[in-house]
Amino acid sequence: MTLEVLDGGLAGTIQDGGRPEWTHLGVPPGGAADPWSFAIANLLIGNDQAAAVLEMTVVGATLLARRSMVIGLAGADLGGRVVGGRRLLPGRTHRIDAGETIAFPGEVIERGARAYLAFPGGIDVPEVLGSRSTCLAAGFGGLDGRTLRAGDVLRAVRDEAVVHDESTADASGRMERIWPAETPLEVATGPTILRVLPGPAEGLDALVAIAWRVGAESNRVGVRLDGDPLPAGTGGEVVSHGVAWGAMQVPPDGRPIVLGPDHQTTGGYPVVGVVASADRPLLGQMRPGADVRLRPVDHDDAVAALQAQRAALSAGVAALREALAWDELARSAGA
């Protein structure tokens, strides 16, 4: 099963679970910027949660199906559709026929920035340091360490997806399978609220008091926040130290940087806080211009939020498996 790239979009890359075990050698952890949507896209078509997918940002790719296939789609709604035909909504599987062209122009985004397109078994590209993720900074992984471009061909690891045959029909009458649980994007309204643990440096209280907006320079390395000036002495430079995904650095210009999955492994700015791991999906979906507020939490609150998120994902997985089990039972009975 293959899709030919007609237009690579703004910043499409191949991503999987990343390389967190290589950070001690200076390799960015990488992987999907929104781990929740990444997992859902894979689970919808029966993949391992960490299988390689196509991550599309704001303006997605245009792809031609060389063979019929089923895809899993999750994350932000980038206006996906079969060209000249039906819409492709996130949180669902979609059957794409050979010869059909699908496009994600980014014209109807209401919330979020990134969509994830999963292939049966994952996208078949070579593993580098145990991962298929694209590392743009070092130029390896994915498609030769670069973003998607016209002429690329994306191949599925497996010929068939494990799909639910008795799911809801879309407007065209085609059958699709729908993720059964709420997503962070569906729950969120108004400004994005990021829960933040205190960091080793002073200044989190000052950041919490300000209404922030995502800056235009934001990318997978980090999210820039624009807002009112911080009190003197909040930012600056310090001796370089290790940093983590979600760390909130404040450089001398006073514009905080929230580190993303492609962050450098050391940094020389004060870290006033760290975004709770449960809010990495929201962090990965923050687009330029979006409003952001920070809410301080303690360690116990952060752990409880992550446990609740994992429980919600497990509940969704169980619901999908139950549906598949009923399908198998119906088929065995000749229904």
Side-chain angles (χ1 to χ4, degrees), residues 1-3 5 8-57 60-61 71-75 113-149 152-158 161 219-223 242-247 258-267 275 277-278 280-281 283-285 306 309-310 313 317:
M1 293 185 176
T2 60
L3 290 176
V5 180
L10 185 61
T13 57
I14 308 301
Q15 300 294 340
D16 60 11
R19 304 178 178 85
E21 67 277 9
W22 289 94
T23 56
H24 66 294
L25 295 180
V27 179
D34 173 359
W36 173 275
S37 298
F38 159 64
I40 290 176
N42 274 316
L43 291 168
L44 279 167
I45 56 173
N47 286 352
D48 182 272
Q49 292 183 33
V53 303
L54 174 60
E55 179 183 272
M56 299 179 287
T57 303
I71 59 171
L73 186 63
R114 292 182 171 90
Y116 293 85
L117 194 159
F119 290 39
I123 297 177
D124 191 10
V125 293
E127 288 192 3
V128 181
L129 298 180
S131 170
R132 292 182 167 89
S133 282
T134 305
C135 180
L136 294 172
F140 64 77
L143 296 167
D144 300 321
R146 57 171 173 78
T147 57
L148 208 63
R149 65 189 182 200
D152 288 333
V153 175
L154 305 178
R155 294 181 173 84
V157 170
R158 196 174 63 225
N219 53 33
R220 284 179 48 85
V221 175
V223 174
V243 290
W245 187 353
V258 188
L259 298 183
D262 281 355
H263 69 83
Q264 71 281 7
T265 57
T266 61
V275 173
S277 296
R280 286 180 180 177
L283 181 62
Q285 290 290 354
L306 185 60
Q309 187 177 85
R310 289 175 175 172
L313 190 66
V317 172

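- The side-chain contact (heavy atoms from CB on, under 4.5 Å) test applied to Q264 returns V221, Q249, L259, not counting sequence neighbours.
- For residues 36-49, the set of pairs meeting the salt bridge (charged side-chain N to carboxylate O under 4.0 Å, His left out) definition, not counting sequence neighbours, is empty.
- In this structure, E21 has no salt bridge (charged side-chain N to carboxylate O under 4.0 Å, His left out) partners at least two apart in sequence or on a different chain.
- Under the salt bridge (charged side-chain N to carboxylate O under 4.0 Å, His left out) criterion, D262 pairs with R220, sequence neighbours left out.
- Under the side-chain hydrogen bond (donor to acceptor under 3.5 Å, both in side chains) criterion, N42 pairs with N47, sequence neighbours left out.
- Using a 4.5 Å heavy-atom threshold, the side chains of H263 and P29 count as touching.
- Among residues two or more places apart in sequence or in another chain, the salt bridge (charged side-chain N to carboxylate O under 4.0 Å, His left out) test is passed with R280 by none.
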TODO: Decide yes or no on side chain to side chain contact (heavy atoms under 4.5 Å, CB included) for N219 and T57, but give the supporting numbers first.
DONE: CA-CA 9 Å; N219 53 33; T57 303; over 6 Å; no
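- A41 pairs by the side-chain contact (heavy atoms from CB on, under 4.5 Å) definition with A74, Y116, A118, not counting sequence neighbours.
- When the side-chain contact (heavy atoms from CB on, under 4.5 Å) test is applied to T265, the partners found at least two apart in sequence or on another chain are T23.
- For R149, there are no salt bridge (charged side-chain N to carboxylate O under 4.0 Å, His left out) partners, not counting sequence neighbours.
- Legend: residues meeting side-chain contact (heavy atoms from CB on, under 4.5 Å) with V157, ordered by chain and number and at least two apart, are D124.
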Distance-only criterion, 3.5 Å: show the donor-acceptor pairs between side-chain atoms of residues 136-147 and protein atoms not counting sequence neighbours.
from, atom 1, to, atom 2, distance (Å)
R146, NH1, D152, OD2, 3.0
R146, NH2, D152, OD1, 2.8

